[in-house]
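Notes to accompany the following structure.
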Amino acid sequence: MIIDRYIQSSDQLLVQVHICMHAYMAPPIRPSSISVGSGSGSILVLLCLLLLQAVVDAAIVEHTFHVGNLTVERLGQRQVITAVNGQFPGPKVEARDGDTIVVRVVNHSPYNITIHWHGVLQRLSAWADGPAMVTQCPVLPGGAASSYTYRFNVTGQEGTLWWHAHVSFLRATVYGALLIRPRPGARYPFPLPHAEHTLLLGEWWNATASLVDVERQAFLTGGQPANSVALTINGMPGVDARQMNHLRVARGNTYLLRLVNAAINYQLFFKVAGHAFTVVAVDASYTDPYHTDVIVIAPGQTVDALMHAGASPGRYYYVAAQVYQSVANATYTAIARALLRYDDDDDDDEAEKAEGAAIVLMPNMPALNDSATAQRFYGSLTGLLRDGKPTVPQRVDTRMLVTYGLAIAPCAPAQTLCNRTRGSLAASMNNVSFQLPASMSLLEAARARGSPGGVYTRDFPDRPPVMFDFTNASAANGNSSLMFTSRGTRVKALRYNETVEVVLQNTAVLGPENHPLHLHGFNFYVLAQGTGNFRKRRAARAYNLVNPQQRNTIAVPAGGWAVIRFTADNPGVWLMHCHLEAHLPFGLAMAFEVADGPTPDAILPPPPPDYPPC
Ligand code: C2O
């Protein structure tokens, strides 16, 4: 283990560690002399051990991500995708609470690139957050010369997170897991599993042209982007035996499943035939143990669940992911599969044959639009209270009501194929369809340059422009003042440490839909959620102010609402947006700008020297 950490350490630490290894190994000082030894050699050893301890306690985890083309074959078709280090899904980043993560991203691809560390709080490191034109300009194509090093630490965070491209539609194939384990000596707040499996759930397109180009074209024409053709588990659709992941388990053991929904457009139901789960964390925040045989996970969310391998012998079991679509006429029927294999069924040929035969059990999946199951799962989770960890703030400084949903916007100048009279499909929050700036990122304007002028305005509204029967489709439909949205780059400015409560209200203006909203830079508490219109008095009775779940992404019910609360204790500019990829360019986003605090440990440092220029 220690050697692993050396390998991940920075050059400087490596040198120190090598000196220490020498001192430690070189005769006449033997390990046994440490406890009894005297003299300078022993002191050196002791110092070195202390240094090693520090290295082990808070390591530097280093990676280089080479972003470039990769040819893969799926569903009988070869295609070129954008990927990191020739791997799909990309490399796993593994750290411990307290570590510093340093990732140099080198762009060999033909596209602009940025990487976002989804769910990492980025305390005092907003420059490394990654959303294009929000915290940085992209790294341009340019091979070895074109790079940016993301540097941040993950103190106070534990669990399953992930990373993904945050520019255009590249995250369809540019993504991977980011796992944060407890510090050395610290434990999980649940029984130690025997082993773990990380499962990244995604989508697959059969695109002859690059996916980015396909999707960009769809957006420019004001339409919905093309549907994917399959769902994937760790990059494999698992429709046939040749392209299916096998999950090996030993009978009687308990496994920690780390699930990530990296899909572009779909919430998912996840099941394993013959097995049930105990959910122990969501979005890298521990929960009270929650028992269920179905997991519901929206794009951007993660779930950590324990699974006991105790099913009947002599069978194989499918691991399956299928969409949950809140709309009534759900039609996307693809199912991704992996095969769960017990070590006692150890024959590969048998496993292959088994797939054709009836001895592989398929889980009974919920209906595509089973909102009851989705809401039961989302609504049953509570946060795990832990000694010394912060709990939900009871006092609120700023309250906002934010309506959001699909709408129509006048054509943007770049939309060459937009219908000039009808406008184009758009999305908005409080009737503002969010536009990314073109000349410089929001954070650069706010901090490096020090003024918003010409890039954004600080007037994101606290309330929708008109109050209406939000979730009544007939009231909203055809009302052109609600249907049409304005475009703008408007942010909400917050003082350092302000507590903010936001009621997120989905509208039915162009049909209700369950949008997963993701907040960068913070975890928020989910105080309450429900369907229909938010009613203050009724909702207040339902608030959980004791042990609410914490998340970074919430799937607000379709035609419903949710109340979230967070403390703005992290200076920077932080995007909040829908994690359905098509809805971000449509404008389903806004940003919070958080000011510096009064003390040196509350001030965002200047950008790093290799911060990409626009
Ligand atoms: Cu996972 Cu702004 O995104």
Side-chain angles (χ1 to χ4, degrees), residues 65 84 89-90 93 103 105 112-122 125-138 150 152 154 157 159-180 200-203 215 258-268 282-285 297-303 404 427 429 434-437 441-443 489 491 504 515-524 551-556 564 566 570 572-594:
F65 279 14
V84 171
V93 175
V103 184
V105 173
N112 290 351
I113 198 82
T114 73
I115 303 285
H116 168 52
W117 316 92
H118 183 115
V120 171
L121 298 176
Q122 300 290 4
S125 56
W127 307 106
D129 192 38
M133 305 318 293
V134 177
T135 63
Q136 68 167 100
C137 294
Y150 293 84
F152 51 91
V154 288
Q157 295 198 264
T160 303
L161 293 173
W162 61 299
W163 55 265
H164 62 79
H166 209 304
V167 56
S168 195
F169 291 85
L170 282 168
R171 81 170 174 87
T173 53
V174 179
Y175 63 84
L178 194 169
L179 312 181
I180 311 172
L200 292 148
L201 312 177
E203 282 177 71
E215 301 292 285
R258 297 174 174 275
L259 299 181
V260 174
N261 185 343
I264 292 287
N265 290 322
Y266 292 113
Q267 298 202 54
L268 300 168
V282 295
D283 296 5
S285 294
I297 185 167
Q301 295 183 329
T302 72
V303 173
Y404 69 91
M429 300 185 92
F434 188 79
Q435 300 295 289
L436 289 170
S441 74
L442 300 175
L443 187 63
T489 310
V491 314
L504 298 162
H515 300 267
L517 293 177
H518 170 49
L519 175 60
H520 287 230
F522 305 95
N523 287 333
F524 50 77
R551 286 195 169 275
N552 61 54
T553 305
I554 179 164
V556 182
I564 64 170
F566 67 97
N570 192 8
V573 178
W574 307 105
L575 195 61
M576 179 163 78
H577 66 96
C578 177
H579 218 279
L580 303 181
E581 196 61 13
H583 293 175
L584 182 53
F586 283 168
L588 217 172
M590 56 81 69
F592 291 101
E593 178 185 7
V594 180

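Both counts, for ligands and for their atoms, begin at 1 and track the order of listing. Bear in mind the structure is a predicted one, so any value in this text is a computation, not a measurement.
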Does F566 have any ring pair (Phe, Tyr, Trp, His ring centres under 6.0 Å) partners at least two apart in sequence or in another chain, and if so, which?
-> F522, F592
Does L436 offer a backbone N or O that forms a donor-acceptor pair with the side chain of T489 under 3.5 Å?
-> no
So which protein N/O/S atoms does atom 1 (Cu) of ligand 1 have within less than 2.8 Å?
-> H118 ND1, H164 NE2, H579 NE2
Quick one: list whatever passes side chain to side chain donor-acceptor pair (under 3.5 Å) with H116, sequence neighbours left out.
-> D129, H518
Partners of Y150 by side chain to side chain donor-acceptor pair (under 3.5 Å), sequence neighbours excluded?
-> Q136
Atom 2 (Cu) of ligand 1 to H520: nearest N/O/S atom name = NE2
Would you please classify the geometry between the H577 ring and the H166 ring as parallel, tilted or perpendicular, with 30° and 60° separating the classes?
-> perpendicular
Please state whether the rings of H164 and H118 are parallel, tilted or perpendicular, taking 30° and 60° as the class boundaries.
-> tilted
